[in-house]
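Predicted model only: the values in this text are computed from it and were never measured.
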Amino acid sequence: MPTLFRAAHVLSMDSSVGDHSPGQVLVEGDRIGAVGATVIPPSGTEVVDLPDGILLPGFVDSHRHMWQALLRGIAPGHSLDDYLSDVLGRLAPALGPRDLRLGTLLSARAALASGITTVQDVSNVQESPEITDAVIAAHLESGVRTVFAYGRSFPGLMRDGFALPGDVRRVRADLLPAANGLVTMALVTEGGDDDVERRNAGLARDLGLRAARHLSVGKSVARLRDIGALVPGTTFIHANGVDEGELAIIADSGGGVSVSPAVELTMGHGYPMTSARHHVPITLSTDVEVTVPADMFTQMRAAYQAGRHAEHGVHDRPGLSVRDVLRMATLAGARVLGLGERTGSLTPGKRADLLALRASRADVAPVLDPYSTVVLQMDRAHVDTVLVDGRTLVRNGRPLTDDAPLLDQAAGAIARLRERTPLP
């Protein structure tokens, strides 16, 4: 049955569609049928009235290590070095396939509860086929639009001689063969020496996959280009301090940048890059739930505040706006992940990934600028309805899943983990 959403504000994130206050969005099956000030629905359409609502595309999280939801909040004071040695070096190896599946599902629930409909899971724990199968099963169950970025643990990636294993080909052929499914595949192509980098990049090209990789000292984009290991359309994560020449190379390769402003400021990665240069698209991501909350409202505020702070006294370029930030959290993220034709905006013909926020409470009303309200005034408590691929997964602020068994399993997993290793 088609559904017509009528709301006080529609923020389409598509300049050809425009914004409408009030506005209407027609959902037909798994697609957006029409968007406008007034939409004439077909006979038998269900009507959902949100007279105080703001409709927008679901948020896109371009980089999250979803398995870490099982360890949520365990490392609030960790530096980056602490995180690498403690969370990845010590705790990750103590978790088995069912633990990692559980963490991935918990993270997916958190995404939906906060209006995130698309996540790139930089799954840096693929140490065995059993783990990979368990994590992908979680994604297929979750209902979230996911890019499963197959990777290995970060300490392993730092070793010379590391290369992605042959199991990648099995996963691509047998588990995630479709390029247009709800769960698609990418590769984390970080490696050691030049030969490994070339092999990993060659594997991505051979399988027709996009890539994701963390940027840091010693992982120059120019180096990747010069040795033939720069995968077109790569998501470069944490571009803190990247110079103009490197950004130009990213732009020329069709790549984009994923910024995790809350984590970057907290862990000491460097100052977040929030101003687009060389036409490099900037996206937002939550990164690690061991340290920060996995919602886009936190990231949007951190990005806006960091960007505005960096611009004080700078007068040669336009300042970061709330519209810029909401674009980072929606359409820019979808495009960088290669999903821009599918999601990221309320465009007729795109998949119905829809977020409805309620602004009826005294903590956000009156809404004078809906962009400002979403970016700076709202949080998870204002999420009313979430659709992914036309399927309603959150309604009236409540998930349409029974999470009690999941929470019981999480308690049991933590009890088992405490028996194996001390927790911070």
Do you see a donor-acceptor pair shorter than 3.5 Å between the side chains of Thr146 and Asp121? no
Under 3.5 Å side-chain donor-acceptor pair for Trp67 and Asn124: yes
Is there a donor-acceptor pair under 3.5 Å between the side chain of Glu246 and the backbone N or O of Val221? yes
For salt bridge (Lys or Arg N to Asp or Glu O under 4.0 Å), just list the numbers for Asp99 and Arg416, CA-CA rounded to whole Å, side-chain angles, deciding distance to a tenth of an Å, and then say yes or no. CA-CA 10 Å; Asp99 302 316; Arg416 292 191 299 273; 3.4 Å; yes
Minimum-distance pair of heavy atoms, taken over all atoms of Arg205 and Leu230: NH2-O, 3.2 Å
Any salt bridge (Lys or Arg N to Asp or Glu O under 4.0 Å) involving residues 77-89? Give me the pairs, sequence neighbours left out, ordered by first then second residue. Asp86-Arg90
Say whether Ser372 and Gln377, considering side chains only, have a donor N or O and an acceptor N or O under 3.5 Å apart. no
Residues Thr266 and Thr291: side-chain donor-acceptor under 3.5 angstrom: no
More than 12 non-hydrogen atoms from neighbouring residues, nucleotides or ligands closer than 6.0 Å to CZ on Arg418, yes or no? no
Distance (rounded to the nearest 0.5 Å) between Thr117 OG1 and Arg391 CZ: 13.5 Å
Asp133 and Arg101 ion-paired at < 4.0 Å: no
Any side-chain donor-acceptor pair under 3.5 Å between Ser16 and Asp14? yes
Should we say atom CZ of Arg98 is surrounded by more than 12 heavy atoms from elsewhere, each under 6.0 Å from it? no
